[in-house]
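To start, the structure under review is shown below, and the notes come after it.
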Amino acid sequence: MLKIGRLKLNSNLILAPMAGITDRPFRMLNRKFGCELAFVEMINSRSISHKSKRTRKMMSSDKFERPLGMQLLGCEEKFIKRAMDVINEYDFDILDFNAACPVKKVVRRGEGAALLKDPGKLSRILKIVVKVAKVPVTVKIRSGWDKDSLNAVEVASCCQDAGASAVFIHGRTRDQGYSGAVDYGIIRKVKKAINIPLIASGDILSPQLAKRMFEQTGCDAVIVARGALGNPWIFREITQYLKNAKTIDRPSPQQVALVMVEHLKMCVDFYGERNGVVIFRKFFSRYTKGFRKVRRLRELSSRVKTQEEMAGLSRKCAGLQE
Ligand SMILES: Cc1cc2nc3c(=O)[nH]c(=O)nc-3n(C[C@H](O)[C@H](O)[C@H](O)COP(=O)(O)O)c2cc1C
């Protein structure tokens, strides 16, 4: 069992926050395959304080969707305080503060990974968030800004001192973005330096890589990010593999198609048919990764407009694998 503040989790496999991906349909689907804790897409403190319709929809959740986390991005104390008033109106179980986002537009504003360069400021913001939050507060960091400033140990210690209940670490620098080697060494060092749970991220793309992360770093849990795209089965597979299963049950193409149709339906139910089909497009090629003879169907998937057409393409992809 993993304990983050007063939140008790039965699993140490967590679905990562992913902007543009971890919406309600995606989270619900991954939960069916063994993901226990999931996060809403990251939202900026300014957007939260404006309470737009879009933001409210992003923050909404199903009553069965528990435990659920929210991820906050920002660097201006005024907006963070306002955002916290809004967040406190919702029933989240955990609140993560983002000090990891590498996107240029974000770091230029001094948010996300830019805060790694100013641990003092990060600490001040965290103290405010921890003080007013109704739930345990965690922080997501990276190994450092670039290879010459690998300060994750210092940053994680600051987060702990500021009252964080756990640290999430993506074992890459801001400069690396999402590519290049994951630095297992620095994750291990952070684990040794703090006494709150350390949750690791980076290339959790298969059961073997998840096991490697646990073994090489001693982390308390891992978060699955790109590994879950078109692959919710990864939660079940990692669980089996960590229990020493000799074989891993991969889904058949027919099972993949069934889940595609289910995911599509969830998107349509949540966003309406037109937007739901458009949103599902980005998952189509992920689900059919490794499938043969599907190039034409993938091209078509970026043009079809109805649920029926998209579901038909999903079934055809599976049929071609026989
Ligand atoms: C499309 C995409 C969106 C992401 N959005 C966020 C985000 O909003 N907040 C965050 O903390 N991390 C975000 N991440 C980073 C992931 O949570 C994770 O740390 C990173 O992808 C490394 O894990 P992986 O190598 O297993 O994919 C995002 C990653 C991807 C691929």
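Remember, it's 1-based here, ligands and their atoms both numbered in the order they're listed.
Ring centroid separation for the pair Phe39 and Phe92 does not come in under the 6.0 Å cut-off.
For the pair Arg24 and Phe270, the cation does not sit on the ring face, since its NZ or CZ is not both under 6.0 Å from the ring centre and inside 45° of the axis.
We find that Lys78 and Glu76 are not joined by a salt bridge, their nearest charged nitrogen and carboxylate oxygen being 4.0 Å or further apart.
Those atoms of ligand 1 with a heavy atom of Ala16 less than 4.0 angstrom away are 17 (O). Distances below 4.0 Å separate heavy atoms of Ile204 from the following atoms of ligand 1: 26 (O). Close approach to Arg172 involves these atoms of ligand 1, each under 4.0 Å from a residue heavy atom: 25 (O). Ligand 1 places these atoms under 4.0 Å from at least one heavy atom of Ala19: 3 (C), 4 (C), 5 (N), 6 (C), 7 (C), 8 (O). Near Lys140, with a cut-off below 4.0 Å to any heavy atom, the atoms of ligand 1 are 10 (C), 11 (O), 12 (N), 15 (C), 16 (C), 17 (O), 18 (C), 19 (O). Close approach to Asn98 involves these atoms of ligand 1, each under 4.0 Å from a residue heavy atom: 9 (N), 10 (C), 11 (O). Per-residue contacts place Arg226 under 4.0 angstrom from the following atoms of ligand 1 (heavy atoms of the residue considered): 24 (P), 25 (O), 27 (O), 31 (C).
For atom 19 (O) of ligand 1, the closest non-hydrogen atom of the protein is Ser201 OG, 2.7 Å. Protein heavy atom in closest approach to atom 29 (C) of ligand 1: Tyr178 CE2, 3.5 Å.
Between the side chains of Asp23 and Tyr271, a donor-acceptor pair is found at a separation under 3.5 Å.
In this structure, Phe284 and Phe280 have perpendicular ring planes: the angle between them is above 60°, well past the 30° mark.
Judged purely by atom type and a 3.5 angstrom limit, Arg142 uses its side chain to pair as donor or acceptor with the backbone of Gly177. At least one donor-acceptor pair under 3.5 Å links the side chain of Arg27 to the backbone N or O of Thr22. Remark: the backbone N or O of Leu73 is not paired with any side-chain donor or acceptor of Glu111 at under 3.5 angstrom.
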**Report entry** Derivation and outcome, salt bridge (Lys or Arg N to Asp or Glu O under 4.0 Å), residues Asp203 and Arg172
**Finding:** CA-CA 10 Å; Asp203 283 354; Arg172 291 188 175 96; 2.8 Å; yes
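Note on ligand 1: Gln71 sits in its first shell, one or more heavy atoms being nearer than 4.0 Å. In this structure, Ala100 has no heavy atom closer than 4.0 Å to ligand 1. Within the structure, the closest approach of Pro17 to ligand 1 falls below 4.0 Å when heavy atoms are considered.
Within a 6.0 Å sphere centred on NZ of Lys57, other residues, nucleotides and ligands contribute more than 12 heavy atoms.
The closest heavy-atom contact to atom 24 (P) of ligand 1, among the options Ile141, Val40, Val139, Asp203, comes from Asp203. Nearest-heavy-atom check against atom 20 (C) of ligand 1 across Lys282, Met42, Arg142, His170 picks out His170.
Residue contacts with ligand 1, taken as heavy atom pairs separated by less than 4.0 Å, do not involve Phe168 at all.
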